[in-house]
Each structure stands twice: as C-alpha cells, then as structure tokens.
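None of these values were measured; they are calculated from a predicted model.
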Amino acid sequence: MPDPMSLFFDFIITSFLVISLLLALSIFRDRARKGTWEARRKTFSGVMVALLAIGWVAVFYGSFIEPELITVNRRAIDLPNYNGPVVTAALISDIHVGPYVGKFFINRLAKRILKLKPDFLLIGGDIVYNRPKDIELLSPIARATASIRTFAVLGDHDYIVRMDGVRTVIDDLGAEYIKKTMESFGMKVLSNESLRINDELTLVAVNDLRSGKTDLARAFESVDPETSKILLSHNPDIILNPLSKQTDLVLSGNTHGGQVRLPFIGPAATIPDELGQKYDEGLFAFENTQLFITSGVGSSGPRSRLFNPPEIALL
C-alpha cells in the first residue's frame, strides 16, 4: 500500500508542475495577441513567465533530478589524541528507504561506496522513511557490507517516534525488526555500546535521543580511556550531553542539511535540533571536541533536495 503522506506531497508537486506550465504557456501565447492584457504589459507578463519557468525548473530538478545524484564529500579530520595509522570511514545517514528511495538507488549507493574503498562504513540512522517493512529495500547494501566492516545506529524514523498528546510513543517491535534485517545484510547495529576499530581507536554508539533509549554512560562503560574515541549518534544534540566531551569526534545526521538549501542563505527549513540553524551540515568545533554532521542521502516529507544532493561523507 502506498504511503499516504508521500502520495499527498507528490500530488502537490505534480499539481504545481502542471498548473505552472499551463499558466506560463498561456501567458506566453497571449503576449503575441494584440489587445490582450499580456500584450499591453509585455514587461510584466515576461517577468511572470520567467518566474514561472524558474519555479518549474527548480521544483522539477529538486524533486526528480538532484535527489538521484550521489556525491562524495571528502573531509580530512585530525583527531588530536590519535596516534594510529590513517583510517578512512564512509558515513551515510538518513537513507529513508521507502516511497522515494528503493533498491535501484541503494544498489547505486553500494557500488559507489565500494569504489571508495573505505576501511569501514558507518550508517547514522533513519534507515526507513516511516514503515519498518520497507527495510527490505535496503538489501542491495549487502554488496558493500560483504567486504567493508559496517556499523550502524537507528534513528527516530526507525523507532517510528510519534507524539500522542504529551506522550512519546515508539514502535519497539518495528525497531527490532529493522535491526535484525540490517544485521542480515551484513552490518552490526550498535545500541549504547562501544567497540575497538583498531588498537588506538574506539567507536562509541548510542540509540537515538528521541527514542528515549539513549544511555551514553552505558556506552562508555568498557571504553579504554587511552584510545581516541568517535561517537556515532543519529541526532547531533548528543553533543550537549557532558559525557560526549570525552570523545574526539561526534558523527551525526538527522538534519538533512535542511534538505533544500538557498545560495548564500543556507537551509530553507528549520533544522529540527536543539543546536539550531548554525549546525546544519559539515564539520564544527564544539568546545573541546569536534562535530561532523552529514546532510544525508534521502528525503523525508516531500521528495526534495535542492543545492544539497545526497552525499557519502568520506572522512
């Protein structure tokens, strides 16, 4: 059964494209007819046609072209307490498999990751759009996880977090199904725990903040304090927890980089985190640690990405 919200957004997008195209063609045609309102005001009607054309191109490109363009964001990050060999991590987040992202896209994503040959792959949550069963669409990722060590955490969409009045409701069974299915694809889904990447580097991972299941203290229980530490959390607000200051680097997603970005302005939408608009995407210094936020791969809400294509962050 199609997702009702995605159908609604697709209806709005399609309606805009059809109506704006017909209106632009009508105005353009009437400009050539003597005596028409458009012919008497050629400058104004010309501007209207131009604006309608720009809007049509922006919506069509941002809805159907740019969301399919997989880019690589390469970033060198120095961990001041790390003395081991150089390691390369591919970070992806906010895949949102479902109505907009299917097996064909995931297959392309897996092939691109394989070509990059990272030492390990990190997946930062929000794997599904909003239905646990859609996790099966992620299966082509096994092309990459078969040869690349892969670690993941779940996001709020994977827990299907919603508000029922003042009460937060989560789908534990759905989240468990997503976790088991992901592990069948060859990755390890981490839950408030840590593991050693090599002798000098530890990966710490926590459950999503909105799920109410975050336990950073438990995640740090077995961490060797002499190693450098990377913290993987879907929501970058984890950096507001004082315990996160023990890490050299926090890796997150969730923001989508605003999904639609405007030149010289940044995110068109409000960033859904306590950190706010300043922490939209990229690398930030935060007190005595660092925060890297990937703009992600998929879309939530309407299918839309503009000046902000899907990215694999190669760190």
Side-chain angles (χ1 to χ4, degrees), residues 91-98 120-136 138 141 150-197 202-223 229-247 249-256 271-275 279 286 289 291-294 296-298 300:
L91 171 67
I92 58 174
S93 186
D94 303 278
I95 305 172
H96 291 296
V97 289
F120 53 96
L121 169 63
L122 301 175
I123 301 179
D126 273 7
I127 317 301
V128 302
Y129 184 81
N130 62 8
R131 296 186 300 191
K133 67 178 183 179
D134 285 339
I135 191 61
E136 295 165 13
L138 190 68
I141 200 71
T150 303
F151 310 104
V153 293
L154 300 184
D156 55 297
H157 278 250
D158 307 314
Y159 286 101
I160 322 298
V161 177
R162 62 182 178 85
M163 296 301 297
D164 183 7
V166 297
R167 187 169 64 99
T168 301
V169 180
I170 65 172
D171 182 358
D172 286 310
L173 291 177
E176 185 63 23
Y177 176 74
I178 289 171
K179 177 181 177 180
K180 288 183 177 179
T181 305
M182 289 173 67
E183 290 182 337
S184 76
F185 297 153
M187 62 190 75
K188 183 173 179 57
V189 180
L190 301 172
S191 175
N192 297 321
E193 57 189 303
S194 65
L195 55 83
R196 294 283 282 270
I197 297 296
T202 298
L203 175 66
V204 182
V206 292
N207 294 333
D208 179 66
L209 284 171
R210 289 192 65 203
S211 74
K213 297 178 180 294
T214 307
D215 191 340
L216 199 50
R218 177 185 167 193
F220 273 106
E221 279 180 356
S222 60
V223 173
K229 292 165 282 292
I230 294 175
L231 173 59
L232 180 63
S233 166
H234 174 65
N235 194 321
D237 284 341
I238 193 68
I239 204 165
L240 299 175
N241 187 314
L243 291 177
S244 70
K245 307 307 185 293
Q246 301 178 42
T247 63
L249 175 65
V250 177
L251 301 177
S252 294
N254 191 53
T255 68
H256 297 203
I271 298 297
D273 301 324
E274 288 185 40
L275 289 170
Y279 298 91
F286 197 98
T289 188
L291 170 65
F292 182 86
I293 303 172
T294 175
V297 173
S300 63

Enter the distance from [X]:[atom1] to [Y]:[atom2] here, rounded to the nearest 0.5 Å.
{"X": "M182", "Y": "I135", "atom1": "CE", "atom2": "CD1", "value": "5.5 Å"}
{"X": "Y279", "Y": "I271", "atom1": "OH", "atom2": "CD1", "value": "13.0 Å"}
{"X": "T150", "Y": "F185", "atom1": "OG1", "atom2": "CZ", "value": "12.5 Å"}
{"X": "L232", "Y": "S252", "atom1": "CG", "atom2": "OG", "value": "7.5 Å"}
{"X": "H96", "Y": "H157", "atom1": "NE2", "atom2": "NE2", "value": "4.5 Å"}
{"X": "T202", "Y": "I230", "atom1": "OG1", "atom2": "CD1", "value": "9.5 Å"}

| Residue pair L275, L291: steps toward the side-chain contact (heavy atoms from CB on, under 4.5 Å) verdict | CA-CA 11 Å; L275 289 170; L291 170 65; 3.9 Å; yes
State, with a plain yes or no, whether a side-chain heavy atom of [X] is found less than 4.5 Å away from one of [Y].
{"X": "L240", "Y": "F286", "result": "yes"}
{"X": "D208", "Y": "N235", "result": "yes"}
{"X": "L203", "Y": "L190", "result": "yes"}
{"X": "L195", "Y": "K188", "result": "yes"}
{"X": "I238", "Y": "V206", "result": "yes"}
{"X": "S300", "Y": "D126", "result": "no"}
{"X": "I170", "Y": "K213", "result": "yes"}
{"X": "P272", "Y": "N254", "result": "yes"}

Nearest non-hydrogen partners of [X] and [Y], listed with the distance:
{"X": "I293", "Y": "P236", "value": "CD1-CB, 3.8 Å"}
{"X": "T294", "Y": "L91", "value": "CG2-CD2, 3.9 Å"}
{"X": "F220", "Y": "L243", "value": "CE1-O, 3.7 Å"}
{"X": "S244", "Y": "L231", "value": "CB-CD2, 3.9 Å"}
{"X": "P132", "Y": "I160", "value": "CD-CD1, 4.0 Å"}
{"X": "G253", "Y": "S93", "value": "CA-OG, 3.7 Å"}

Residues pairing under side chain to side chain donor-acceptor pair (under 3.5 Å) where one sits in residues 173-182, two or more places apart or in two chains, turn out to be E136-Y177
Salt bridge (Lys or Arg N to Asp or Glu O under 4.0 Å) with R210: of D156, D237, D158, D273, only one passes, and it is D156
- Task: Quick one: do N207 and D215 satisfy side-chain contact (heavy atoms from CB on, under 4.5 Å)? Show the steps, please.
- Result: CA-CA 7 Å; N207 294 333; D215 191 340; over 6 Å; no
Does one side chain, of H256 or D94, offer a donor that lies under 3.5 Å from an acceptor on the other?
-> yes
**Item:** Neighbour count above 12 (heavy atom, 6.0 Å) for E183 CD
**Value:** yes
